[in-house]
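Notes to accompany the following structure.
Computed over heavy atoms, backbone and side chain alike; hydrogens, waters and symmetry mates excluded.
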Amino acid sequence: KKRKEIKMAKIQGDDLQLALDNIKKDVAAKKRGFLETIDCQIKLRSYDKKDKRFTGVVKLPHDIRIKSNVCILGDRKDCDKAKALGIPCMDADEMKKLKK
């Protein structure tokens, strides 16, 4: 069954919720023996890197699980801060190694 692609500059909340509901129905129909996740990728257009402010709030339907794995992706300064806190991190050079 082929899914319908929606291409637009801004996705309305109702369209996003409908797409997530369809995914959940498919998952419920095919139970698997592992935890499935949904990843959301957002592309920012006309974003000024100097202005680091975002407006808007996204409320997740469920609380975040306590047992989570996190890896910080950043520059050397961000990685130094993360390592000082004991958080796994990767800079651009380490991410390039993954492509090989």
Side-chain angles (χ1 to χ4, degrees):
K1 166 171 131 175
K2 188 171 180 173
R3 289 194 169 88
K4 180 181 174 185
E5 278 190 35
I6 301 173
K7 292 184 180 183
M8 58 180 67
K10 294 182 181 180
I11 297 175
Q12 299 299 319
D14 294 338
D15 293 334
L16 179 61
Q17 188 61 48
L18 179 64
L20 291 173
D21 289 340
N22 288 337
I23 291 170
K24 288 178 185 178
K25 285 178 191 174
D26 290 346
V27 168
K30 297 178 190 176
K31 282 290 184 185
R32 294 178 173 91
F34 57 89
L35 178 66
E36 293 187 74
T37 61
I38 298 173
D39 296 330
C40 180
Q41 189 174 47
I42 299 170
K43 181 178 179 180
L44 302 175
R45 292 183 186 178
S46 302
Y47 172 67
D48 182 12
K49 292 180 182 179
K50 294 176 186 174
D51 184 16
K52 297 184 178 185
R53 295 176 291 163
F54 288 95
T55 58
V57 175
V58 175
K59 183 171 174 21
L60 299 174
H62 303 288
D63 291 335
I64 297 173
R65 285 181 267 133
I66 304 262
K67 185 179 175 184
S68 298
N69 294 328
V70 176
C71 179
I72 303 294
L73 305 176
D75 58 11
R76 180 53 45 201
K77 182 175 75 171
D78 295 327
C79 286
D80 290 341
K81 288 180 187 178
K83 286 178 183 175
L85 295 171
I87 300 171
C89 61
M90 294 179 78
D91 62 4
D93 294 332
E94 291 171 334
M95 286 187 275
K96 287 177 185 175
K97 291 177 187 176
L98 293 176
K99 290 184 178 179
K100 292 181 180 179

Check your understanding: Can you name the side chain to side chain donor-acceptor pair (under 3.5 Å) partners of Asp21, sequence neighbours left out?
Key -> Gln17

Result block: side-chain N/O donor-acceptor pairs under 3.5 angstrom for residues 71-82, not counting sequence neighbours:
from	atom 1	to	atom 2	distance (Å)
Asp75	OD1	Lys77	N	3.4
Asp75	OD1	Asp78	N	3.0
Arg76	NH2	Asp91	OD2	2.3

Check your understanding: Which residues, ordered by chain and number, are linked to Leu18 in its hydrophobic cluster, where ILVMFWY side chains connect at heavy-atom gaps below 4.5 Å, directly or through other members?
Key -> none

